[in-house]
Every structure is written in C-alpha cells, then in structure tokens.
Amino acid sequence: MENRTVAVLGAGTMGAGIATVMARAGHHVILFDVSEDNLRRGIDTVHGFFDVSVQKGKLTDEQGRVAKSALHGSTSLADLAHCDVVVEAVYEDLRLKKDIFAQLDDIVSESTLFHTNTSTLSVTGIASGSRRPERVVGTHYCNPAPLMKLVEVADGRHTATWAHDATIRFLASLGKTSVVTKDRPGFIVNRFLIPWENSCIRALEAGLGTRDSIDAAVLGALGHPMGPFRLLDIVGMDIHQQVATRLYEQLRDPRFFPPPMVERMVAAGDLGRKTGRGFYEYDDNRLFGS
Ligand SMILES: NC(=O)c1ccc[n+]([C@@H]2O[C@H](COP(=O)([O-])OP(=O)(O)OC[C@H]3O[C@@H](n4cnc5c(N)ncnc54)[C@H](O)[C@@H]3O)[C@@H](O)[C@H]2O)c1
C-alpha cells in the first residue's frame, strides 16, 4: 500500500504506540493532542523506541532516522485536513470521542477513514458523532502496539463494507493481524485479559507469590512476552481500573471487578510507566520500551 498521511489523536500510551507503528510502516504521521506536555512525551516515546531499535540492530541508522522524521506533532485539528486515515486514541469518554469525529467531519475529506481505539465504548455510539458513520471502524490495538501483532476490528451498525475492507487491507499493510469481532463490550481479548489480570493482582494480594515470582511464572509457564505486572505498568492502572469497572458494569460478571489493590495504587498515583512508578519503578520518561 502506498504511503498515506495518518493522524493519530491522543499522544498517550496507545497514541504513541500506534504512531510508532504508522511511522515504522512508512506513513506520514501527525500525532495530535490537546496537551503540549503529553504531545512532547508521546513524541519522545516514539523517538526513544526507534533509537533503541537502532541500538538493538532491528533498524539501520537510516531506517531509524527516516522513521523519526515521518512523525510530526500538532495541537491544531486544522493540520489534519489532508489525512487519509484518522486513528482516535483519546480518553475513554463517549462524548469526547463523538465530538472529535463531529469536528473532523468539517476538516477532512469525505473518503478519510475514521478508526477508533476504544476498549469499552460502543463503536456505533462513537460513530453517531459523525455525519458519515459508514466510515467509522473500531480498531482495537493490543498494548504495546509496536510489539503486539493483533488488532481487533469491530464494525459499528452503519459501517460500510468499503470502510471495513479498506481497514483490513490497511492493517495488513502495517504487518498487523486482524481479528474481526462484534461491537460488544470488551470485544474478544479484554473478555479474558481483564479477568486474568485481576486474577494475577488477587494472587499478589493473597501472597501466593511476589511481583517478580508471578511475572516469572507467567513468562516461564505461559510463554507471554511479558509478565502481568510489567504489562499493567504499560497499560496504566488508571486505564485498567476504568476498563475493568466499565466491563463489570456492562457484563455484571464479578471477575471483571478490579481488586482493592487497583484502587489504592490509583489513589497513590502509582499508575505505572506514565507516572514513573507502578508495580515497578522507571527512571526514563517513556510510556513503553522496545
Ligand atoms: N492503555 C491500554 O492498554 C489500552 C489498550 C487498548 C485501547 N485503549 C484505549 O485507547 C484510548 C487511549 O488510551 P491510553 O491508555 O492511550 O490513554 P492515555 O491516558 O495514556 O492518553 C490519552 C491521551 O488523550 C489526550 N486527549 C484528551 N482529550 C483529547 C482531545 N480532545 N484531543 C486530542 N487528545 C486528547 C490526552 O491528553 C492524553 O495524552 C482509550 O480509549 C483506551 O480505552 C487503551
């Protein structure tokens, strides 16, 4: 697929990760955020990822330089006028997401694809903010987006076949594996990931193991790329709490309800990488490693 102009809205954990994916694939990327500080940190995270990729020999110096130069930051929606694809990764707030797509209707072209990275909201509900809901598709990236291959694809009630098919082709061009799912709370992955993460936290609370031994057990026994506490530190405890609570409210299954440790960590500001401390401590300013 030819290089496109891709706008990523929200420069937080997911936005920075998705922007990394887009820049690595050769697209021209505009990373947009309303917060200058968050935008700076998002760009630093993307640059840091490519620097480490070069150090590890995964990219040549030239590939690292080109990928970094593909990324541009913006705090003005007007800069998104020539985007082919918009990937929305702002806070998990229905009104906010609807409002952003409503504003973009007047800025981008009629053929621009709208992707939303929501975890718990209805794609149909988000799409109702746009006058062209047929172009809105749910694309739920796994975190950390540059390292995980899977993207769940969920159509809204009015998503057009052309938008769905174009989305699948676009994701394939990024080297992603798409799994098509329904516009239902938690899609596929969070239906079992959230209860499992809660189980790991409960195991820690019950003293079945330490942070390190539980992470080591998962790495050794289940073959996951990282242990649950390393992963939760990237996800963010605020996000885990929000997603778990919203899925509990919608599904009424107690396995989704976040254990007490989650609330205490959020209250203490120990959100994970984004605040420098979660289950582990971090001395760099990046939202995820490579
Ligand atoms: N964290 C995860 O593991 C994960 C995984 C998959 C999907 N998601 C979903 O991705 C989305 C983003 O999650 P996150 O973890 O990156 O959150 P985050 O809190 O790390 O980042 C959100 C960013 O959105 C920005 N923002 C807020 N309002 C904005 C606006 N009007 N325009 C532009 N930017 C705005 C904030 O400044 C912030 O930088 C949420 O919908 C979340 O449910 C999160």
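Order of appearance sets the numbers: ligands from 1, and atoms from 1 within every ligand. If you're wondering where the values come from, they're calculated on a predicted model, not measured in any experiment.
The closest protein non-hydrogen atom to atom 1 (N) of ligand 1 is Val235 O, 3.2 Å. The protein heavy atom nearest to atom 29 (C) of ligand 1 is Val34 CG2, 3.6 Å. Atom 9 (C) of ligand 1 has as its closest protein heavy atom Asn117 O, 3.3 Å. Remark: minimum distance from atom 19 (O) of ligand 1 to any protein heavy atom is reached at Tyr91 CE2, 3.4 Å. Here the protein heavy atom with the shortest distance to atom 20 (O) of ligand 1 is Thr13 N, 3.1 Å. Nearest protein neighbour of atom 6 (C) of ligand 1, counting heavy atoms only, is His140 NE2, 3.3 Å. Among all non-hydrogen protein atoms, the one lying nearest atom 44 (C) of ligand 1 is Met14 CG, 3.3 Å. In terms of protein heavy atoms, atom 33 (C) of ligand 1 is closest to Phe32 CE2, 3.4 Å.
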Practice problem: Determine, step by step, whether Phe170 and His27 satisfy the ring-ring contact (aromatic ring centres under 6.0 Å, His included) criterion, reporting the C-alpha distance in whole Å, the side-chain angles of both residues, the deciding distance to 0.1 Å, and the verdict. | Solution: CA-CA 11 Å; Phe170 179 69; His27 297 298; 5.3 Å; yes
Quiz item: Going through the checks in order, is the ring-ring contact (aromatic ring centres under 6.0 Å, His included) test met by Phe279 and Phe229?
Solution: CA-CA 6 Å; Phe279 291 100; Phe229 301 121; 4.6 Å; yes
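Taking the ring centre of Tyr282 as origin, the terminal cationic atom of Arg286 falls outside the region bounded by 6.0 Å and 45° from the ring axis. Tyr280 carries Arg230 over the face of its six-membered ring, with the cationic atom under 6.0 Å from the centre and within 45° of the normal.
Checked against a 3.5 angstrom limit, the closest N/O atoms of Ile100 and ligand 1 fall outside it. Below 3.5 Å of separation, one finds no N or O of Asp238 facing any N or O of ligand 1. By the 3.5 Å distance cut-off applied to N or O atoms, Ser119 is counted among the residues near ligand 1. Of the N or O atoms in Ile239, none lie within a sub-3.5 Å distance of an N or O in ligand 1. Checked by distance only, ligand 1 and Glu92 come closer than 3.5 Å through their nitrogen or oxygen atoms. Ligand 1 has no N or O atom lying under 3.5 Å from any N or O atom of Ser35, backbone or side chain. Annotation: Asn143 places an N or O atom under 3.5 Å from an N or O atom of ligand 1; distance criterion only.
For the pair Phe114 and Pro133, the minimum side-chain heavy-atom distance is 4.5 Å or more. Side-chain contact between Met148 and Asn143 is absent, with no heavy atoms from C-beta onward closer than 4.5 Å. Counting heavy atoms from C-beta outward, Leu147 and Phe49 have side chains that approach closer than 4.5 Å. You'll find the side chain of Val86 reaches within 4.5 Å of the side chain of Thr112, heavy atoms only.
Not a single heavy atom of His240 sits under 4.0 Å from any atom of ligand 1. Judged by the shortest distance from any of its heavy atoms, Ala89 lies inside the 4.0 Å radius around the atoms of ligand 1. Judged by the shortest distance from any of its heavy atoms, Leu9 lies outside the 4.0 Å radius around the atoms of ligand 1. Ligand 1 is approached by Lys274 to a heavy-atom distance shorter than 4.0 Å.
For His158 and Thr124, the side-chain atoms include no donor-acceptor pair closer than 3.5 Å. At a cut-off of 3.5 Å, with distance as the only test, a side-chain donor of Gln103 or Asp99 sits close to an acceptor on the other residue. Side-chain atoms of Thr116 and Glu88 include a donor-acceptor pair closer than 3.5 Å. Side-chain atoms of Asn198 and Arg255 form no donor-acceptor pair, as typed in the model, at a separation below 3.5 Å.
Counting non-hydrogen atoms of neighbouring residues, nucleotides and ligands closer than 6.0 angstrom, the CD atom of Gln250 exceeds 12 such neighbours. The local environment of NE2 in His164 is crowded, with over 12 non-hydrogen atoms from other residues, nucleotides or ligands closer than 6.0 Å.
Atom numbering of ligand 1 starts at 1 in the shown order; those under 4.0 Å from a heavy atom of Lys97 are 40 (C), 41 (O). Applying the 4.0 Å criterion to heavy atoms of Tyr141 picks out, from ligand 1, the atoms 6 (C).
By heavy-atom distance, the residue among Asp33, Val90, Asp93 lying nearest atom 25 (C) of ligand 1 is Asp33. Evaluated by nearest non-hydrogen atom to atom 18 (P) of ligand 1, the leading choice among Gly12, Gly15, Gly272 is Gly12.
For Leu96, every heavy-atom contact with ligand 1 shorter than 4.0 Å involves the side chain, none the backbone.
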